[in-house]
Amino acid sequence: MGIYEDLGIEKVVNAAGPATRLGGPRMAPEAARAMREAAEHCVPIDHLQAKAGSIIADLLGTEAGYVTSGASAGLTLATAACLTGLDLARMESLPVTAGRPNEVIICREQRNGYDHAIRAAGAVLVEVGVDELGSGAGARRAETWEIEQAISERTAAVAYFATPRSEPALEEVIAVTQRRGVPLILDVAGQLPPASNLRRYGASGADAVVFSGGKAIRGPQGTGILAGRRDLIMAAALQNLDMDEHPSTWDPPDSLIDVARIPGIPRHGIGRGYKVSKEEIVGLIVALKAFASGENMDHLRECGRHLDRIVAGLNEIPGTRIHRQDASEPGGYPLVEITLDRGPDDRSAMSISRKLKQGNPAVYVAEYRLRYNALVIHPIGLNDEDVDILIERLGDVLSDGEVHHRTA
Ligand SMILES: *Cc1c(COP(=O)(O)O)cnc(C)c1O
């Protein structure tokens with residue numbers, strides 16, 4: 001019996017991608033081993049964070065780095081840092097920001113569920129730009145001058161969510177924020193692989209950059225990376241670390257916290273609830289080093305082989321078209337898209353996905369193409385056994401619409 005069997009929890013086949021609701025992909029084995037070892041000893045978390053931060057900074061080409069409890073927590077900590085700087089009274093007052101610069105400028109078309117993490121620190125979003133392509137009413141999307149016009153003495157930061165299709169161009173936005181002296185918070189949580197994006201975005205000139213540690217890096221699922229300007233990382237650390245310290249004995253590492261720049265020790269900050277364990281910090285760093293050094297290529301090749309088997313295994317199911325996309329698509333992983341012809345039996349991708357989830361074991365596929373009557377298979381969470389189950393289950397459901405339960 002394994003731990004999930006003990007708990008009466010069924011394991012699922014995750015073909016949906018690095019989804020938090022499914023626990024993300026399997027952790028890189030070397031990271032899991034490192035976590036186990038880390039669990040056997042105690043270490044000062046600020047010193048561990050400082051060491052982790054310098055490794056992150058080297059790999060990303062930033063001044064400083066920090067391990068967070070996910071990219072979303074990284075957004076909250078980065079925003080808190082922009083709202084407070086090194087002002088301890090401001091740290092104490094968050095999330096209340098009245099009467100202080102508290103606006104974060106964001107392009108309306110980039111708004112998404114994760115901007116709640118920015119608002120959670122106490123920032124007020126100021127939306128600019130209109131995506132006229134979305135409504136078919138024009139030829140333009142958000143433009144850089146609209147961001148610049150919104151900058152005022154109330155501005156705390158500009159937020160930018162980057163994908164290969166984001167507009168306005170990141171380089172233009174960075175040029176504006178640098179010229180105007182306003183920090184840019186860059187969310188590139190899911191923009192890996194390629195590993196070269198670590199440095200591409202890290203050294204882009206953005207002031208604070210967040211990546212997820214539990215997606216393609218395959219670190220602990222509850223981790224993320226915050227990297228950027230040293231003063232912002234210091235402000236983030238002061239608002240995240242356990243601050244139950246005595247002033248006469250407090251001895252944080254200089255590279256993370258320069259005590260000469262603050263008049264005392266702040267109390268627990270707004271980020272205290274986003275704590276990261278020693279096991280998670282160690283696991284993230286081991287996974288990140290492996291990812292950055294290209295060891296991830298083996299995993300990518302394995303993912304490609306899984307998809308080849310799936311394409312071969314689902315060959316020639318009537319009314320079904322199977323398309324293999326290469327790794328240049330969003331998120332950097334190869335994918336398989338299964339499109340259902342609309343026929344007299346009116347098979348819908350939605351009903352197929354529902355049946356897959358109801359099977360035993362449940363199979364989860366990506367649903368972001370349901371409106372095109374298509375299912376997407378993301379390979380990051382699959383192993384060989386999962387692929388066998390997936391082929392069998394998908395073959396059954398696509399062929400006759402019925403769910404066949406596997407007998408163990
Ligand atoms: C996944 C994601 C996040 C959240 O990352 P976590 O590490 O799960 O907190 C934030 N922003 C974007 C754009 C993402 O894709």
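Residues I147 and Y160 are not in side-chain contact: their nearest non-hydrogen atoms beyond the backbone lie 4.5 Å or more apart. The closest side-chain heavy-atom distance from D46 to P253 is below 4.5 Å. Looking at heavy atoms from C-beta onward, L394 lies out of side-chain contact with I317 at the 4.5 angstrom threshold. Taking the side chain as every heavy atom from C-beta outward, Q110 and D187 never approach each other to under 4.5 Å. I217 has its side chain within reach of I225: a pair of non-hydrogen atoms, C-beta onward, lies under 4.5 Å apart. In this structure, V311 and H323 have side chains that are not in contact, with every pair of non-hydrogen atoms separated by 4.5 Å or more. You'll find the side chain of P193 stays beyond 4.5 Å of the side chain of M297, heavy atoms only. A heavy-atom distance below 4.5 Å is not found between the side chains of E10 and Y4.
Here E279 contributes atom CD and L48 contributes atom CG; the two are 10.0 Å apart, rounded to the nearest 0.5 Å. A distance of 11.0 Å separates CG in D386 from CD1 in I391, rounded to the nearest 0.5 Å. How far CG of N14 is from CD1 of I377: 10.5 Å, rounded to the nearest 0.5 Å. How far CG of D244 is from CZ of R267: 9.5 Å, rounded to the nearest 0.5 Å. Taking CD from E30 and NZ from K289, the interatomic distance works out to 11.5 Å, rounded to the nearest 0.5 Å. The CZ atom of R369 sits 13.0 Å away from atom CD1 of I338, with the distance rounded to the nearest 0.5 Å.
Scanning both residues, I174 and A206, for their nearest heavy atoms gives CD1-N, 4.0 Å. Of all heavy-atom pairs between L198 and A292, the closest is CD1-CB, 3.9 Å. Annotation for V286 and A34: closest pair CG2-CB, 3.6 Å, computed over non-hydrogen atoms. Taking each heavy atom of L307 and L335 in turn, the nearest pair found is CD1-N, 3.6 Å. When all heavy atoms of A64 and R230 are compared, the pair lying nearest together is CB-CA, 3.9 Å. Closest of all the heavy-atom pairs between L232 and P183 is CD1-CB, 4.5 Å.
A donor-acceptor pair is defined here as one N or O able to donate and one able to accept, closer than 3.5 Å; such a pair exists between the side chain of Q221 and the backbone of G214. Listed for the D131 side chain is no donor-acceptor partner under 3.5 Å among the backbone atoms of R141. Looking at T76, its side chain does come within 3.5 Å of a backbone N or O of A117 through a donor-acceptor pair. Side-chain atoms of Q191 come within 3.5 Å of backbone atoms of A162 as a donor-acceptor pair (strictly under, hydrogens ignored). Not one N or O on the side chain of E172 forms a donor-acceptor pair closer than 3.5 Å with the backbone of A169. Counting only distance, with no hydrogens or angles, the side chain of D115 and the backbone of N112 share a donor-acceptor pair below 3.5 Å. Judged by distance alone, the side chain of S212 and the main-chain N or O of G190 form no donor-acceptor pair under 3.5 Å. Without hydrogens or angle criteria, S353 side chain to A349 main chain gives no donor-acceptor distance under 3.5 Å. Side-chain atoms of H378 do not come within 3.5 Å of backbone N or O of A16 as any donor-acceptor pair. With N240 contributing its side chain and Y274 its backbone, the two residues share a donor-acceptor pair below 3.5 Å.
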V276 vs Y66, side-chain contact (heavy atoms from CB on, under 4.5 Å): CA-CA, chis, key distance, verdict:
CA-CA 10 Å; V276 193; Y66 199 73; 5.8 Å; no

Just do the salt bridge (charged side-chain N to carboxylate O under 4.0 Å, His left out) check on E5 and K11 with the steps written out, would you?
CA-CA 9 Å; E5 287 80 3; K11 298 174 199 159; 3.1 Å; yes

Please evaluate residues R108 and E146 with respect to the criterion salt bridge (charged side-chain N to carboxylate O under 4.0 Å, His left out), reporting the C-alpha separation (whole Å), side-chain torsions for both, the decisive distance (0.1 Å), and the verdict.
CA-CA 11 Å; R108 189 173 277 110; E146 295 177 291; over 6 Å; no

Quick one, F211 with L288, criterion side-chain contact (heavy atoms from CB on, under 4.5 Å). Give me CA distance, side-chain angles, the key distance, then yes/no.
CA-CA 11 Å; F211 285 103; L288 175 64; over 6 Å; no

Using the rule given for side-chain contact (heavy atoms from CB on, under 4.5 Å), can you reason through V124 versus R154, listing the C-alpha separation, both sets of side-chain angles and the distance that settles it, and then say yes or no?
CA-CA 10 Å; V124 175; R154 295 183 304 280; over 6 Å; no

Output, in order, the C-alpha distance, side-chain angles, deciding distance and verdict of side-chain contact (heavy atoms from CB on, under 4.5 Å) for L314 and T320.
CA-CA 9 Å; L314 297 177; T320 306; over 6 Å; no

Apply the test salt bridge (charged side-chain N to carboxylate O under 4.0 Å, His left out) to residues D298 and R301: give CA-CA distance (whole Å), side-chain angles for both, the deciding distance (0.1 Å), then the verdict.
CA-CA 5 Å; D298 292 341; R301 273 189 286 274; 2.9 Å; yes

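Atom CZ of R36 is surrounded by 12 or fewer heavy atoms from other residues, nucleotides or ligands within 6.0 Å. Summarising the local packing, NZ of K278 is surrounded by more than 12 heavy atoms from other residues, nucleotides or ligands at distances under 6.0 Å. No more than 12 heavy-atom neighbours from other residues, nucleotides or ligands sit within 6.0 angstrom of CD on E37.
Looking at R324 and D308, a side-chain N of the basic residue comes within less than 4.0 Å of a carboxylate O on the acidic one, giving a salt bridge.
A perpendicular orientation is assigned to the rings of H299 and Y333, their planes being inclined by more than 60° (bins at 30° and 60°).
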Side-chain polar contacts of residues 82-95 - donor-acceptor pairs under 3.5 angstrom, sequence neighbours left out - could you list them?
unit_1: T84; atom_1: OG1; unit_2: A80; atom_2: O; d: 3.0
unit_1: T84; atom_1: OG1; unit_2: Q239; atom_2: NE2; d: 3.1
unit_1: D87; atom_1: OD1; unit_2: A89; atom_2: N; d: 2.9
unit_1: D87; atom_1: OD1; unit_2: R90; atom_2: N; d: 3.1
unit_1: D87; atom_1: OD2; unit_2: R90; atom_2: NE; d: 3.4
unit_1: S93; atom_1: OG; unit_2: R90; atom_2: O; d: 3.0
unit_1: S93; atom_1: OG; unit_2: V96; atom_2: O; d: 3.3
unit_1: S93; atom_1: OG; unit_2: R100; atom_2: NH1; d: 3.1

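Across L241, D242, V67, a single residue satisfies side chain to side chain contact (heavy atoms under 4.5 Å, CB included) together with I45, and that is L241. Each of V104, V210, L186 was evaluated against L75; a single residue qualifies, V210, per the side chain to side chain contact (heavy atoms under 4.5 Å, CB included) test.
Residues satisfying the side chain to side chain contact (heavy atoms under 4.5 Å, CB included) criterion with V182, sequence neighbours excluded, are I151, T155, V158, R180.
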